[in-house]
Protein chains: 2
Amino acid sequence: MAEEKVGPRSRRERPAKAALSRAGIVATAVGLVQAEGLARVTMRRLAQELDTGAASLYVYVRNTDELHAAVLEELLGAVDLSPVTAKGDWRDRLERVLTSYAEVLFAYPGLAQSAMVARPSGEHYLKLIEALLALLDEGDVPKGQAGWGIDILLGFATASAAEHSAPDPRTKKTVAPGEEWAALANVIRNVSAESYPQLAAHGTDLLAGPGKARLAWGFRVLINGVLSTPLPEGEAK
Amino acid sequence: MAEEKVGPRSRRERPAKAALSRAGIVATAVGLVQAEGLARVTMRRLAQELDTGAASLYVYVRNTDELHAAVLEELLGAVDLSPVTAKGDWRDRLERVLTSYAEVLFAYPGLAQSAMVARPSGEHYLKLIEALLALLDEGDVPKGQAGWGIDILLGFATASAAEHSAPDPRTKKTVAPGEEWAALANVIRNVSAESYPQLAAHGTDLLAGPGKARLAWGFRVLINGVLSTPLPEGEAK
DNA sequence: ACCTGAACACCGTTCAAGT
DNA sequence: ACCTGAACACCGTTCAAGT
């Protein structure tokens, strides 16, 4: 009797090992960041998910940074740009787009931290910039100020998300999420009013958490500032 | 002839393996970040520098993050706080302190990136916050706005440094420093004016580098914004 | 108490060899 | 052209064992 052939179809645990492709790799990476956070999106872990070896991925992806940038660009598709064409005060609508951007970053552990560094250049990112510029233009913010302001607006949104989103569990962290925060709060509470009069007067209000209110206030600060601060001589356009 | 004894003093390559201490560990780490960048300040590399095993460091330092925070706190001692008591417009002096802070972060590869995440609570950090608060107070910025504003000011300075400082050469990078930037610039240059009218109009001015001018403008934007944007109802103090 | 070697469980990236 | 296993050069952290 001939042995039963053990063909490729006999193992059905995963969906029949599709051929590799950049799109498939990025899609799997996106699934992985949702399930385990960006820190787990490593070449080796991702290859394992794709039932191959890490080396195989280098045909489609230059390196880990590029992979992370691709994941970010993909997830940026979830930013709500509808306020651009909605009606109402341009400031409010600008705030809404920025808030949506921050929320997307906030939703995936480690994503905001990586957005601090990555500079995507995909369609979703371009559309986001285009949307912000359109709203600033609607508000008659001078072009030069708008252009320079984009960086500040996005940077603040990114940094806020990075600061308050789940820490990238790069390895199982020993330190509880808010331990550093607690340490600082404790120091401020017990600070000497003589050496640090300002700190003592403010107390832990200084660290009064993230909160929607604080993020929204930040956006307003930036919008007001960008609107009212002319570019230095010679740079104005 | 008796062989020459090879005692501990016969090897003078390093200064006679001092006893470990937290201060010594941090000092060595600071030296390492100066020489090789923060990415090289790993438990193993640092232990090697101290002529011991990585495990030994855990007596004095909780983990790698805490080590990096200690290095940051140490280097923050170089921030120039003298403008606080200098004379002149408070805005200019505030700008000078923030610029000095950004320059310190800028000077060490990887430091700014880590400052994005770390929350130090040492003396140098406290003095920096105290200085910023004192200057805002001098400018009669309402207390609540000043407190919330600190975060934005420091965050912007940190993010600017992170964005434009040497990339943390975590491992020998294959990607040239400005490669992602170049990719984005290229995309913007060739963007369709129909789909992206704003982007096409601005062109690569959007990415017009870091430059002192841009950082200074950013500080002015934030100061103006913080000064002129009241806290939301119920939060004002 | 402090220090250590060894172990465990990971990394990114390259390269020669196969199909 | 694409894919692979194996190798190289690293990581952080824990733990039992020593002093």
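What you see below is based on every heavy atom in this structure, not just the backbone, and it leaves out hydrogens, waters and symmetry mates. None of these values were measured; they are calculated from a predicted model.
A straight line from CG of B:Leu50 to P of C:dT4 spans 10 Å, rounded to a whole angstrom. When rounded to the nearest whole Å, the span between CD of A:Gln48 and C1' of C:dC11 equals 13 Å. Protein atom CG of A:Leu57 is 10 Å distant from nucleotide atom P of C:dG12, rounded to whole Å. Between A:Glu66 atom CD and C:dT13 atom P there is a gap of 11 Å when expressed in whole angstrom units. Regarding A:Met43, its CE atom lies at a distance of 6 Å from the P atom of C:dT13, rounded to whole Å. Note: OH (A:Tyr58) to P (D:dG5) measures 16 Å, nearest angstrom. Rounded to an integer number of Å, the gap from A:Glu36 CD to C:dC10 P is 11 Å.
In the set D:dC3, C:dT4, C:dG12, C:dG12 carries the atom at the smallest distance from any side-chain atom of A:Thr64. Listed nucleotides: C:dC11, C:dT14, C:dC2. Nearest to the side chain of A:Arg45: C:dC11. The side chain of A:Arg44 approaches C:dT13 more closely than any other nucleotide in the set C:dT14, C:dT13, D:dT13. When distances are taken from the side chain of A:Val59 to each of C:dC3, D:dC15, D:dC2, the shortest belongs to D:dC2.
Of all heavy-atom pairs spanning A:Met116 and A:Arg119, the tightest one is O-NH2, 4.3 Å. The two atoms that bring A:Val97 and A:Val79 nearest to each other are O-CG1, 4.2 Å, heavy atoms only. Nearest heavy atoms, A:Val104 versus A:Leu111: O-CD2, 4.1 Å. Smallest separation of non-hydrogen atoms from B:Tyr125 and B:Glu73: N-OE1, 3.1 Å. In plain terms, the two heavy atoms of A:Ser192 and A:Ser195 that are nearest each other are OG-N, 3.0 Å.
A donor-acceptor contact shorter than 3.5 Å links the side chain of B:Glu130 to the backbone of A:Gln198. One N or O on the side chain of A:Arg22 and one on the backbone of A:Tyr60 form a donor-acceptor pair closer than 3.5 Å. Of the possible polar contacts, none joining the B:Ser100 side chain to the B:Arg96 backbone as a donor-acceptor pair under 3.5 Å is found.
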For nucleotides 16-19 of chain C, print each protein N/O atom paired with a nucleotide N/O atom at under 3.5 Å, atom names and distance only.
none

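Comparing the P positions of D:dA9 and C:dA9 gives an interatomic distance of 24 Å, to the nearest angstrom.
The distance from atom OH of A:Tyr101 to atom OG of A:Ser160, rounded to the nearest 0.5 Å, is 10.5 Å.
A:Tyr60 has a side-chain polar atom (N or O) that falls below the 4.0 Å cut-off from OP1 or OP2 of D:dC3.
Contact annotation for A:Thr42: backbone-only contact, meaning every heavy-atom pair under 4.0 Å involves sugar-phosphate atoms and none involves a base.
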Query raised in the report: If pairs are Watson-Crick or G-U with both distances under 3.5 Å, what is the dot-bracket string of DNA chain C, marking crossing pairs with [ ] and pairs to another strand with |?
Result: ||.|||||...|||||.||

